[in-house]
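Values below: every heavy atom of this structure, side chains too, minus hydrogens, waters and symmetry copies.
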Amino acid sequence: MNSNDPYYRRIDLPAGDLHVFAHDDLFHAMGAKVLEMANNNLQIPNIRYMSYTPDAHVGVGTCIGTTAVWGTENGFVSPSIVGSDIGCGMRVHLTNLQAHELQDVKLRRKLVKAIEKRIPVENHARGYFSDIRLEDVLRKGLHGLPGKYVPDMYTPRKATSLTHVECSRFRFDESELDRIPEQVWHRAHRQLGTLGNGNHFIEIQALSINEENRHIAERWGLRDGQVAVMIHSGSRAWGGAVNQMCSSQVVKTMSRLGLGTADPKLTYAPLDSEAGRTYTNLMYSALNFAVANRHLMAFAVRDAFKETLGSKAELTTLYDLMHNYACEESHGDEPLFIHRKGTTRALPAGHSGNPEPYRDTGHPALIPGSMGTASYLMAGLPGGARNYHSICHGAGRVRSRNATKQLVTLDEFASSLRIGQEDEIVLNHRALEALIDESPQAYKDVDQIIESVVQARLAAVVARCRPLAAVKGV
DNA sequence: ATGTAC
């Protein structure tokens, strides 16, 4: 162990070093299992770096909150590090409305209903968009969508939907798509523009700017009290199928090469192997699906705002980025293969990896809170370089879904959403029981997580987002 | 997380 910085520690595990960016109290609350999992992950050959963010908690094979880095030369790719919701991530749109314009509970209800009409949240429901070629989306991401769904594509401001994203298209060997069975194609096509369930959500929020970073907020076009829309979703059944299919191929490769750790659920293969290449290619198709899926939902939300509040209502893209993925990135002059499982990239001002509109400020890093609590818009700091520019991805679970259902009563849950009061966080349906496992008590305090990220000098808060209404899947 | 699952 190490220095006297209460927000960072290097832990000397038998298999290698683990870097933890969390306040001592958060670190001690993580438990022994997260270290055992890190030690397994550090046994994967040629690993260069592994770290936890303050929201780290136990996941399958690898903790959620992990950054794991290999070189591209002798690197490895791990389906279980990426996780099953490949491409899961966040998108935020800014509206030209102020929070007081949504003060009326009935208006918020009407808006939520209008969203629900376009984004079905029931399991198995078909998406609102039927004229999209799935193959185009998988191959080309946002560039595979018909022009009418990219409303600002031809404006003089130049394609904000396509430039205000972490990645609008991943290129890969498209012949690998043939490996996916017809039934999965069919299911995925129906699911375009759908939210999914669990921690996924669409929230209508009100911004408050952090004074210290008002200059960045202004550059991003943020105002105090401004209404924003935050979307949290992933690659739905497509990514799930890719994960499942490729994992079994990777497991075969592992036994052929004599690889493995104490945890059979930790799967990995050399980047330069058939199984590794197939997974990487198909993972990229899922990242393309996920970004297009979030884009389509934002399009539907924009339509719902216009129907409810008049055609003058407008939504512009702030940013779209992921927190479950692996890809090549240059750090310094070196090409690396970075896995982020429940971690968000936050590049600082001036970094060449920023899209052009955010070159001078750093791009927005979008951090969701738990239901009924605040979310955050952050900007990376230069100090984040020592963690490959990874920050947290949200609050992080402290209780299993079942344990939460045992602990939290319906009344407690309802009062955490201020149901029945004037400032109620309007929910899309009355089946509160079905969502108890998503209550704030299931999660760490997001404010504490953010504090750790800020104190570790990884990123700074630009704005806090207070929820006004939420759409959840069931 | 996922049209869940020995």
Side-chain angles (χ1 to χ4, degrees), chain A residues 55-66 78-91 119-128 130 134 138 180-202 231-248 251 264-267 279 282-283 285-294 297 321-326 339-344 368 370-371 393-405 434-439 442-443 470-474:
Chain A
D55 50 338
H57 63 279
V58 169
V60 176
T62 303
C63 288
I64 291 114
T66 294
S78 166
S80 65
I81 300 184
V82 172
S84 54
D85 193 4
I86 301 169
C88 185
M90 308 301 302
R91 169 175 280 260
I119 304 175
V121 293
E122 308 80 34
N123 207 354
H124 301 200
R126 180 192 274 276
Y128 187 64
S130 51
L134 176 63
L138 294 169
I180 305 289
E182 183 53 38
Q183 194 199 4
V184 176
W185 281 79
H186 178 71
R187 198 178 296 158
H189 188 244
R190 285 176 51 108
Q191 283 185 335
L192 272 168
T194 63
L195 180 61
N197 54 32
N199 61 2
H200 291 170
F201 64 76
I202 297 167
I231 298 173
H232 180 189
S233 186
S235 57
R236 312 287 282 108
W238 182 268
V242 165
N243 178 59
Q244 215 181 345
M245 279 182 52
C246 294
S247 292
S248 50
V251 166
K265 294 207 161 133
L266 179 55
T267 57
Y279 174 71
L282 290 175
M283 173 191 53
S285 77
L287 300 184
N288 285 340
F289 183 100
V291 69
N293 191 38
R294 286 188 295 271
M297 282 189 274
L321 89 183
M322 301 171 287
H323 49 235
N324 288 351
Y325 65 115
H339 294 68
R340 295 195 177 89
K341 181 178 194 171
T343 56
T344 307
S370 54
M371 208 172 150
H393 93 298
R397 223 165 231 288
V398 283
R399 241 178 283 283
S400 71
R401 294 192 180 277
N402 277 332
T404 310
K405 282 180 193 158
L435 294 173
I436 284 186
D437 52 359
E438 280 295 311
S439 84
Y443 290 91
V471 175
K472 295 280 292 182
V474 278

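The interatomic distance linking W185(A) (CH2) with dG3(B) (C1') rounds to 18 Å, in whole Å. Between Q244(A) atom CD and dG3(B) atom P the separation is 11 Å, expressed in whole Å. Between the CG atom of N123(A) and the C1' atom of dG3(B) there is a distance of 6 Å, given to the nearest Å. Rounded to an integer number of Å, the gap from N197(A) CG to dT2(B) C1' is 8 Å. Straight-line distance from the CG atom of D437(A) to the C1' atom of dT2(B): 15 Å, rounded to whole Å. If you take CG of N243(A) and P of dT4(B), they are 15 Å apart, rounded to a whole angstrom. The nearest whole Å value for the distance from the NE2 atom in H232(A) to the P atom in dT2(B) is 10 Å. Summarising the geometry, the separation between CZ on R236(A) and P on dG3(B) is reported as 5 Å, rounded to the nearest angstrom.
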Assess whether side chain to side chain contact (heavy atoms under 4.5 Å, CB included) is satisfied between R401(A) and E438(A), documenting all intermediate values.
-> CA-CA 8 Å; R401(A) 294 192 180 277; E438(A) 280 295 311; 2.8 Å; yes
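Using a 4.0 Å heavy-atom distance criterion, G196(A) is classed as a sugar-phosphate-only contact. Counting non-hydrogen atoms under 4.0 angstrom, R401(A) reaches the backbone sugars and phosphates but no base.
The local environment of CZ in R126(A) is sparse, with at most 12 non-hydrogen atoms from other residues, nucleotides or ligands closer than 6.0 Å.
Taking the six-membered ring where tryptophan is involved, the planes of H393(A) and H57(A) are essentially parallel, since the angle between them stays under 30° and well short of 60°.
For the OP1/OP2 pair of dG3(B) and a distance below 4.0 Å, the side-chain nitrogens and oxygens of H186(A) include no atom meeting the criterion.
With hydrogens and angles ignored, the 3.5 Å screen pairs a side-chain donor or acceptor of D55(A) with a backbone N or O of G394(A).
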